[in-house]
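The next block holds one structure in the form of structure tokens; read it before the comments.
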Amino acid sequence: MRRRERPDFFPPNVCPINAKANTFYGIMFDAGSTGTRIHIYTFVQKSPEDLPEVEGEIFESVKPGLSAYADQPEKGAESVKTLLDMAIDAVPPHLWKKTPVVLKATAGLRLLSEEKAEALLSEVKEVFEESPFLVPEDSVGIMDGSHEGILAWITVNFLTGQLSGQNQQTVGILDLGGASTQITFLPRFEETLKETPGDFLTSFEMFNKTYKLYTHSYLGFGLKAARLATLGAFNMEVVDGQMFRSSCLPKQLEAEWHFGGVKYRYGGNKEGETGFKPCYLEVLKVVKGKLHQPEEIRGSSFYAFSYYYDRAADTNLIDYERGGVLEVRDFERKAKEVCDNMERYNSASPFLCMDLTYITVLLKEGFGFRDNTVLQLTKKVNDIETSWTLGATFYLLQSLGMTY
Ligand SMILES: Nc1nc2c(ncn2[C@@H]2O[C@H](COP(=O)(O)OP(=O)(O)O)[C@@H](O)[C@H]2O)c(=O)[nH]1
Ligand SMILES: [Ca+2]
């Protein structure tokens, strides 16, 4: 088993001398389609009746994601090990054995063949086994898409204080990843439960309460997968040198792009149309009729993060650090501005027009939100990342009997 000398530096909130008897840790890896991230949480349980408190989070990430190592599983596992070494420094040595470590992969690995995904996961498992941490059964695996949404919902509603006390006013969440996207909310109307397909509803127990949530993960509807779908390249056997063109890209552009271990050549409509209108119609083909539209959400507001946040921040719709509040129509306005002036936005990503148009179409025509539906763009609440990983860590601690 790998042992390290007692490290000589600890961030103040995790210094072993300060670690109280009721302090514990949890390590959760998010193996996303575009990157792998480690979240090292410090919890304090002040009394058995209260929910645990999150005292701190250490967060670090590496790119690309595990799926980019589809043909080099050892190298993929190596990227996980680099991050895990941080946890050795962050968790006091006497708690290593009691600190669980788990990795959950999302859409990137869901899209790989089972054989390639398994090879990656088994290399990661070996890295975990060689570490001094607690390695529970099923510590490495692909997460169910419905859990991704539920656990992110738990995170956001926990951090905003909606899971404790009586008057719970929970908020719905929208997560836009690279390869998949999730929508999750707690239905308030009987009508919603009646008209929703059964597999969109899941009962989930957390902190001694059962929540019946509406949740769905749309595989292939993440921002990067949607780029490929718009280009007509998603799930295609790419012939060498094949060129994919779109009216959402700058006219003269010709370039290469790697995603999920595959190389794509793409470019603008040299002779044809470009701009918001043709782009909107192109993207609409990818989205139209593919998503369930619950009536109830039209009038409610949602928390949105991941690429919703990134693209809003990239275009100054929100502050990069503080986030902000937007309406759906703000994304549309910005998409028009960027798509109809592509030469002006040349220095930003060539996909900016396509990405903003996709977000607009997904919200309006996919989920059926109104132009004035309010979105709360949030990266962190109380300095903790709004990611499914915190919900997943609570779930893990609960299943290990470390919290109730
Ligand atoms: N707020 C927040 N966003 C994250 C975190 N990790 C990844 N993201 C965002 O997630 C997006 C990438 O999605 P990814 O997880 O790679 O793809 P997925 O596998 O389809 O979910 C980007 O917008 C990232 O900024 C996190 O810990 N906190
Ligand atoms: Ca994700």
Side-chain angles (χ1 to χ4, degrees), residues 27-41 54 57-70 76 79 83 103-112 117 120 141-153 155-156 159-160 173-184 215-229 234 258-261 303-315 318 320-324 349 351-352 355-356 358-359 362 375-393:
I27 306 167
M28 184 60 63
F29 278 90
D30 166 5
S33 66
T34 67
T36 303
R37 306 116 199 167
I38 187 172
H39 299 253
I40 308 163
Y41 297 105
V54 187
E57 174 190 33
I58 294 174
F59 172 67
E60 196 52 70
S61 61
V62 290
K63 279 184 177 173
L66 272 189
S67 47
Y69 299 101
S79 71
L83 292 172
L103 175 141
K104 293 288 172 205
T106 54
L109 256 66
R110 280 183 211 132
L111 289 169
L112 286 186
L120 279 162
I142 298 179
M143 185 166 49
D144 196 84
S146 67
H147 279 170
E148 207 172 336
I150 292 172
L151 295 168
W153 183 92
T155 298
V156 170
L159 292 174
T160 53
I173 57 125
L174 298 167
D175 186 351
L176 180 59
S180 71
T181 190
Q182 290 80 39
I183 176 169
T184 309
T215 188
H216 197 74
S217 178
Y218 292 94
L219 187 59
F221 286 81
L223 187 77
K224 302 214 164 169
R227 288 180 183 174
L228 290 181
F234 187 65
H258 294 255
F259 188 65
Y303 269 62
F305 34 84
S306 307
Y307 280 121
Y308 293 112
Y309 190 102
D310 297 349
R311 289 301 168 269
D314 293 344
T315 52
I318 56 167
Y320 185 76
E321 289 302 326
R322 283 176 289 131
S349 158
F351 284 106
L352 192 56
D355 289 354
L356 288 167
Y358 177 64
I359 288 174
L362 180 67
L375 303 173
Q376 174 86 44
L377 282 291
T378 317
K379 199 189 187 53
K380 288 183 175 187
V381 176
N382 296 336
D383 230 21
I384 307 291
E385 298 284 324
T386 49
S387 156
W388 55 260
T389 49
L390 177 61
T393 308

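Just follow the structure's listing: the first ligand is 1, and inside any ligand the first atom is 1.
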Checklist entry - So, R110 side chain and M143 main chain: donor-acceptor pair closer than 3.5 Å or not? => result yes
Next on the checklist: What does the 4.0 Å heavy-atom contact list look like for ligand 1?
Outcome noted: D30, G32, S33, T34, G35, R37, H39, F59, T106, A107, E148, G177, G178, A179, S180, S306, Y307, D310, K379, E385, T386, S387
Item to check | With R37 via side chain to side chain donor-acceptor pair (under 3.5 Å) - residues at least two apart | outcome: D30, T34
Next on the checklist: Checking T386 now: which residues fulfil side chain to side chain donor-acceptor pair (under 3.5 Å) with it, not counting sequence neighbours?
Outcome noted: none
Checklist entry - Parallel, tilted or perpendicular: which fits the ring planes of F221 and Y218, with parallel below 30° and perpendicular above 60°? => result perpendicular
Next on the checklist: Assess, by modelled atom type and distance only, whether the side chains of Q182 and S180 contain a donor and an acceptor separated by less than 3.5 Å.
Outcome noted: yes
Next on the checklist: List the residues meeting side chain to side chain donor-acceptor pair (under 3.5 Å) with R227, not counting sequence neighbours, and say none if there are none.
Outcome noted: D355
